[in-house]
Number of protein chains: 2
Amino acid sequence: MAAKRSGAGSKGSGRRGASPQSGQEQRSEPPLSLERIVATAVDLLDAEGVDGLKMRRLADRLGSGAMSLYWHVGNKEEVFDLALDSVLEYRGPSDIVESRDWRGEVVHMLEDWRASMLRHPWSASLLPRRALGPNILSRLELLSKTLSGAGVADADLNVAIWSLWNFVLGATITRANFDLSDDDRAAAQQRLTGLSQHYPTIERSRLLLDNDWDGAFRKGLDFLLDGLAPRQ
Amino acid sequence: MAAKRSGAGSKGSGRRGASPQSGQEQRSEPPLSLERIVATAVDLLDAEGVDGLKMRRLADRLGSGAMSLYWHVGNKEEVFDLALDSVLEYRGPSDIVESRDWRGEVVHMLEDWRASMLRHPWSASLLPRRALGPNILSRLELLSKTLSGAGVADADLNVAIWSLWNFVLGATITRANFDLSDDDRAAAQQRLTGLSQHYPTIERSRLLLDNDWDGAFRKGLDFLLDGLAPRQ
DNA sequence: TGATTGACTCGTACGGCGTACGATTAAATT
DNA sequence: AATTTAATCGTACGCCGTACGAGTCAATCA
């Protein structure tokens, strides 16, 4: 009845299925494995975006038939789940500066989180739709522990975590999707300038032209942390 | 060469295309129009979610053939654009309490924004992928004007606006997608409890089981506003 | 009036998608 | 040597967005 694999772990017994007799197709591809599938899916997503990931194309890159993938994963959704979580691993703050203040630690982890997602711009918009993988949970655990240790009241802890989650998620999704080309940017300016009688304030502050995303993230995060845990 | 319609405006000349001779099919559907297409698309999205919107199904609901839709819209993407913007109109604070404090005004608009998106849970995840429509820009303009009037420094204005945007977007997307069934919720608890040695803190605070989304939004927003514009 | 045009509708068809199903093969086990 | 298991893949099905072109009316023009 062909019970599929589902969890982790893969043997990886060396085997070759190239050509039965004539050595015409000596593609020396390694055998399929979950790891290889996920890594290749990430590459493909990076190169072609969410809509570019098709099972057939993924199989092409792996040098296998499309249906072979289904031995290792249940369906395409699972490929997304695994690709997403694989990209969100956190290695912790640099070992050198071991025990910084809690604020430094939170900021470091959240900036790393954002950076990881921006390195793979498809990941941010995928995050909210998928189950929480172990790497995501680890980050939340670290955040929770750090804030708790910093004196955030238990009653406020969940609010604080979700607020930071919301901020990071919103910032990253927005950044990843608003990465306009110069043409788009010019068009937006044009459009807004033409309508400046309707939107004078955001036109004046050049809201849509400001592209110091990193600075805005950092400053906004500081404001939020100020609100969550007033200094001293 | 059949130049398609693209912008707004639609004539809507009364006409009937029912059956040429035999009155067997006297479906008295009104004729197609952009408005009707968009309204029906919103209904369909509400009922079936993002993946449930298919051109054929939309046409079915409209009592028309699938290809007829393409006279009124360029492609499916445009249906999404129009449905999204149609759902984000803001009518302003209740007229009775005309001039509240700035904080009340900001909170009201942002809670309304979130509520509008939660009434149509597909809209939140669509928002970041689409161009800013007039209804969105109006909300940003109002936000900008209010904060500016409240004394937020010009240098901090964009950061403040984007921070609030990020917060609302993240909160709403998360809420809309985390709306687990009780079964899912039980499964998540099970899973987390089983792994509680790995994630003790978030397990203890019941982060994933906390159900008070509205309260968390309101409290988190308060914290953020505290950070952005320290009271007095 | 009859012919023409333009607005609108829709049947058919095409290429591409995810994946069910079953045949096939090679390795491991008995 | 016989059997079981792990893995691969060709074929096919149903569904999708939509290109294309033929139809149907109402309004306009000759």
Side-chain angles (χ1 to χ4, degrees), chain A residues 1-7 9-22 25 27-37 41 44 48-81, chain B residues 1-7 9-23 25 27-37 40-41 44 48-81:
Chain A
M1 218 49 72
K4 299 291 182 64
R5 180 103 52 78
S6 82
S10 76
K11 301 303 169 54
S13 57
R15 214 210 359 54
R16 275 274 39 79
S19 49
Q21 44 226 11
S22 80
E25 276 274 2
R27 276 277 160 278
S28 62
E29 300 275 9
L32 281 181
S33 72
L34 245 200
E35 291 78 20
R36 219 161 73 79
I37 290 174
L44 185 51
E48 316 264 2
V50 181
D51 295 338
L53 178 61
K54 327 273 166 119
M55 297 304 273
R56 288 176 231 253
R57 248 198 282 207
L58 179 54
D60 282 350
R61 284 203 175 205
L62 288 160
S64 78
M67 291 314 292
S68 306
L69 304 177
Y70 287 90
W71 178 260
H72 303 269
V73 299
N75 49 40
K76 188 183 174 180
E77 291 272 287
E78 200 175 312
V79 178
F80 280 123
D81 285 343
Chain B
M1 216 49 73
K4 300 290 182 64
R5 178 105 50 81
S6 83
S10 75
K11 300 305 171 53
S13 58
R15 214 200 10 45
R16 275 275 37 79
S19 49
Q21 45 228 12
S22 80
E25 277 273 4
R27 277 278 158 276
S28 63
E29 300 276 10
L32 282 180
S33 71
L34 244 199
E35 291 77 20
R36 217 160 76 78
I37 289 174
T40 308
L44 185 52
E48 315 264 2
V50 180
D51 294 340
L53 177 62
K54 326 273 164 116
M55 296 305 273
R56 286 177 234 250
R57 249 198 281 207
L58 180 53
D60 281 351
R61 285 204 173 206
L62 288 160
S64 78
M67 291 315 292
S68 306
L69 304 177
Y70 287 92
W71 178 260
H72 303 270
V73 299
N75 50 39
K76 189 182 173 181
E77 291 272 287
E78 200 176 311
V79 177
F80 280 123
D81 285 342

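With C/dG18, D/dA7, C/dG11 as the candidates, the nucleotide lying closest to the side chain of B/Met67 is C/dG11. Here the nucleotide nearest the side chain of A/Leu32, chosen from D/dC9, D/dT8, D/dT18, is D/dT8. You'll find that the side chain of B/Ser68 is closest to C/dC10, out of C/dC10, C/dT19, D/dG17.
Looking at which nucleotide of DNA chain D each of B/Glu77 and A/Ser64 is closest to, the 5′-most match is held by A/Ser64.
Remark: P of D/dA6 and CG of A/Leu34 are 15 Å apart, rounded to the nearest angstrom. Protein atom CG of B/Asp51 is 13 Å distant from nucleotide atom P of C/dG18, rounded to whole Å. Atom pair B/Leu62:CG and C/dT9:C1' shows a separation of 13 Å (rounding to whole Å applied). What separates CH2 of A/Trp71 from C1' of C/dG18 is a distance of 20 Å, to the nearest Å. Separating the NE2 atom of A/His72 from the C1' atom of D/dA6 is a distance of 9 Å, rounded to the nearest angstrom. Between A/Asp60 atom CG and D/dC9 atom P the separation is 11 Å, expressed in whole Å. Atom pair A/Asn75:CG and C/dC21:C1' shows a separation of 17 Å (rounding to whole Å applied). C/dC17 atom C1' lies 11 Å from atom NZ of B/Lys54, rounded to whole Å.
Using a 4.0 Å heavy-atom distance criterion, A/Leu58 is classed as making no nucleic acid contact.
Listed for the B/Arg36 side chain is a donor-acceptor partner under 3.5 Å among the backbone atoms of B/Leu62. A distance-only check finds no donor-acceptor pair linking the side chain of A/Lys76 to the backbone of A/Val73 [under 3.5 Å]. For B/Glu78 (side chain) and B/Gly74 (main-chain N/O), a donor-acceptor pair under 3.5 Å exists by modelled atom type.
The two residues A/Arg61 and A/Leu44 come nearest to each other via the heavy atoms NE-CD1, 3.6 Å.
Salt bridge present: A/Arg57 and A/Glu48 bring a charged side-chain N and a carboxylate O closer than 4.0 Å.
Counting atom types as modelled, B/Arg56 pairs a side-chain N or O with a base atom of D/dG17 as donor and acceptor under 3.5 Å.
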